[in-house]
Each structure stands twice: as structure tokens, then as C-alpha cells.
Amino acid sequence: MNNTAPAGTALAGQTLGQYIASLQGVQKLIFTGHSLGGALAPTLALCMAKATTPNLLRHFDIANVLVYPLAGASPGDQNLANLFNQTFPAIPSNPNTGDYQVWNCDLFNVRDIVPQAWCQATGQPRDLSNIPGIYGNHAESWSLQGRVYESVMGRVEKEISNATSSGVTYQPIQGQSFEGNAPGVPVTFIGFLLDALQQHVAAYVEHLKLQPLPPVDLSEDLGVGLKTMKQRAMDFPVLRYLLNEIAGEGGDQTKTPL
């Protein structure tokens with residue numbers, strides 16, 4: 001909120017709050033983001049909606065301030081979730097034309113591990129304890145090579161402990177779910193990782209019926225190497241937390257364009 005636009009840009013020296021407070025003649029203001037952005041978008045919208053000194057949204061009717069987060073982790077506790085839900089009630093623009101056509105709800109894939117963070121309340125659709133068996137149940141995973149369930153469960157237990165020790169009892173904001181195509185039960189941790197990336201990125205592109213951008217390979221033009229699948233996963237905070245303490249399985253040779 002206090003960062004300013006860099007020198008040489010049209011808004012040099014302005015903060016985001018100052019820019020939004022200066023907007024006039026704009027009918028709607030939409031906060032949106034995916035993954036980390038899916039947690040930051042509702043947090044930023046709520047922060048600005050409740051700011052009074054200065055009133056950052058003074059030029060907007062609150063009914064015209066909308067939030068469209070996707071695949072977001074829980075940004076705070078029950079009090080924050082309640083305040084967000086009250087400030088930005090769910091608005092189904094037309095419930096009969098598609099479940100993704102809802103404002104002010106976190107749109108999440110039930111097979112995506114990222115929205116499962118950081119809630120610790122077992123039994124909810126978005127909860128850390130759902131992650132280990134999200135692509136196959138406990139019994140199935142134990143029967144497979146690679147100790148997938150054991151590897152993932154060990155890391156998740158640490159993250160549940162970290163979330164608990166933070167003193168914050170995380171609860172998700174209101175959400176709208178969909179189901180990505182079910183993958184097979186992974187037989188290696190790399191398989192789990194591939195499924196997680198598919199469900200966190202491509203599944204949303206498919207569900208929203210978007211035209212995916214073609215991959216761009218810059219390795220020859222710029223002299224840079226292709227990212228491994230593990231490196232791609234490290235771009236996403238929740239996946240990065242999951243991976244940090246898990247030993248590799250002989251290296252990751254799966255290369256993908258940047």
C-alpha cells in the first residue's frame with residue numbers, strides 16, 4: 001500500500017491507494033487475482049473499503065466495487081472472513097449460466113491444493129488436511145511406489161503445526177467451487193506435483209473456457225535454461241511450502257517452457 005510507482009512511469013510517486021482515490025467517472029472497480037493474488041485481492045479490497053483516513057473508495061458506490069479471486073488461500077481468520085462476506089456479499093450475476101459467474105467469492109477447484117491452505121478445520125471443502133489424499137485415498141496411496149501419501153502428509157502436518165502456532169485460526173472467505181478433471185492416483189511425488197500444477201493453473205483456464213497462451217521457449221534467444229517442473233512449482237507459495245522439506249526422487253528431469 002505504501003509502495004510508489006517507479007520514476008519514469010505515468011504515475012511515478014503515487015501509491016496504489018492514491019491512484020484509486022483519484023479515480024473519477026469509473027463505474028466499477030474490480031479486484032482480482034489468482035493463487036497468491038486470490039488471497040491478496042479480497043484482502044486489498046476489504047482494506048480499501050474500510051479505510052476512512054483517507055476514504056480511498058470515496059468516488060465509488062460500494063455496490064460497484066467487486067472482487068473476483070481465484071484459487072486463493074485463506075487470507076485470515078473467521079473475523080476477517082465474516083467482515084469480507086458482509087462487506088462484499090456474494091452476487092450471482094446469473095446462476096443458470098455458469099458457476100464461475102459469481103462476484104465476491106473465491107472460485108476454487110476442489111482438486112487444487114492451494115485453496116486448501118491455511119484452514120485447519122477438518123471436514124471443510126478448503127482445509128489443509130484434504131491435501132494428502134486429494135488425488136487418491138490413503139489406502140490406494142500406501143499401495144503405490146514412491147511413498148507419495150507419506151511424503152505429502154509429513155509436509156502438510158508441519159504446515160498445520162505452523163498455521164496453528166501462528167495464533168491465527170484460518171478460515172476461508174465465501175467460495176464457489178468446481179471440479180477439475182480427476183487425475184489418476186500419482187505413483188511418485190513428481191506425479192503428485194504434475195497433478196497439482198495442472199489443477200492449480202490449467203484447470204481454471206479450461207473451466208473458464210479461456211484461450212490458453214502458447215508456451216514460449218526463450219532458451220535459445222536469451223541463453224536461459226528451461227525451468228524444471230519443481231522450479232515452476234516453486235513459483236507458487238503454497239506449492240513452495242509443500243516442497244521445501246521433501247527430499248527429491250532422483251532429480252526432476254521434466255522440462256517445460258518458461
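If you read the sequence from its start, that first residue is 1, and numbering goes on from there.
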Notebook entry, point to check: L40, Y68: one ILVMFWY side-chain cluster at the under-4.5 Å cut-off?
Noted result: no
Margin query: Taking L36 as the starting point, is it possible to reach I30 by hopping between hydrophobic residues whose side chains are less than 4.5 Å apart?
Written below: no
Next item on the list: Identify, with sequence neighbours excluded, every residue that meets salt bridge (charged side-chain N to carboxylate O under 4.0 Å, His left out) alongside E179.
Entry: R111
Next item on the list: Output all residues satisfying salt bridge (charged side-chain N to carboxylate O under 4.0 Å, His left out) with D112, sequence neighbours left out; order by chain, then residue number.
Entry: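 D112: no salt bridge (charged side-chain N to carboxylate O under 4.0 Å, His left out) contacts found.
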So, taking the atom named [atom1] in [X] and the one named [atom2] in [Y], what distance separates them when rounded to the nearest 0.5 Å?
X	Y	atom1	atom2	answer
N130	Q116	CG	CD	4.5 Å
M48	T43	CE	OG1	12.0 Å
S166	Q120	OG	CD	6.5 Å
L70	S35	CG	OG	10.0 Å
K50	L46	NZ	CG	6.5 Å
E157	N162	CD	CG	12.0 Å

What I'd like to find out is whether the side chain of [X] reaches to under 4.5 Å of the side chain of [Y], using heavy atoms alone.
X	Y	result
I113	H200	no
V102	I91	no
I20	L29	yes
P75	L80	yes
L208	L107	yes
T4	L16	no
W118	E159	yes
F60	V26	yes

Nearest non-hydrogen partners of [X] and [Y], listed with the distance:
X	Y	result
P42	G38	CD-O, 3.2 Å
V114	A71	CG1-O, 3.5 Å
Y135	A196	OH-CA, 3.3 Å
V168	G76	CG1-C, 4.4 Å
A41	G33	CB-N, 4.0 Å
Q174	A90	NE2-N, 3.5 Å

Under the 3.5 angstrom rule, does the side chain of [X] hit a backbone N or O of [Y] as a donor-acceptor pair?
X	Y	value
N104	V67	yes
Q211	V205	no
T9	A5	no
D77	T169	no
R58	T52	no
H59	A21	yes
E206	A203	no
Q124	C119	no
R155	V152	no

Notebook entry, point to check: Is a side-chain donor-acceptor pair under 3.5 Å present for N82 with Q78?
Noted result: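 Per modelled atom types, Q78 and N82 side chains form a pair under 3.5 Å.
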Checklist line | Sequence neighbours excluded, every pair satisfying ring-ring contact (aromatic ring centres under 6.0 Å, His included) that has a member inside residues 6-31 | finding: none
Next item on the list: Kindly indicate, with the supporting measurements, whether the criterion side chain to side chain contact (heavy atoms under 4.5 Å, CB included) is fulfilled by D106 and R126.
Entry: CA-CA 11 Å; D106 183 28; R126 287 170 287 174; 3.6 Å; yes
Next item on the list: Tell me, please, which residues at least two apart from Y204 pass ring pair (Phe, Tyr, Trp, His ring centres under 6.0 Å).
Entry: H34, F178
Note to self: Going by the rule side chain to side chain contact (heavy atoms under 4.5 Å, CB included), which residues pair with D61 if we only count those two or more places apart in sequence or in a different chain?
What the structure shows: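 Residues passing side chain to side chain contact (heavy atoms under 4.5 Å, CB included) with D61: A63, N64.
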Checklist line | Any residue meeting side chain to side chain contact (heavy atoms under 4.5 Å, CB included) with S177, in chain and number order, not counting sequence neighbours | finding: F108, V110
Notebook entry, point to check: Between F88 and I62, does a side chain to side chain contact (heavy atoms under 4.5 Å, CB included) hold up when you go through it step by step?
Noted result: CA-CA 8 Å; F88 299 101; I62 193 63; 4.0 Å; yes
Note to self: Taking side chain to side chain donor-acceptor pair (under 3.5 Å) as the criterion, tell me which of N181, D99, N109 meets it with H207.
What the structure shows: D99
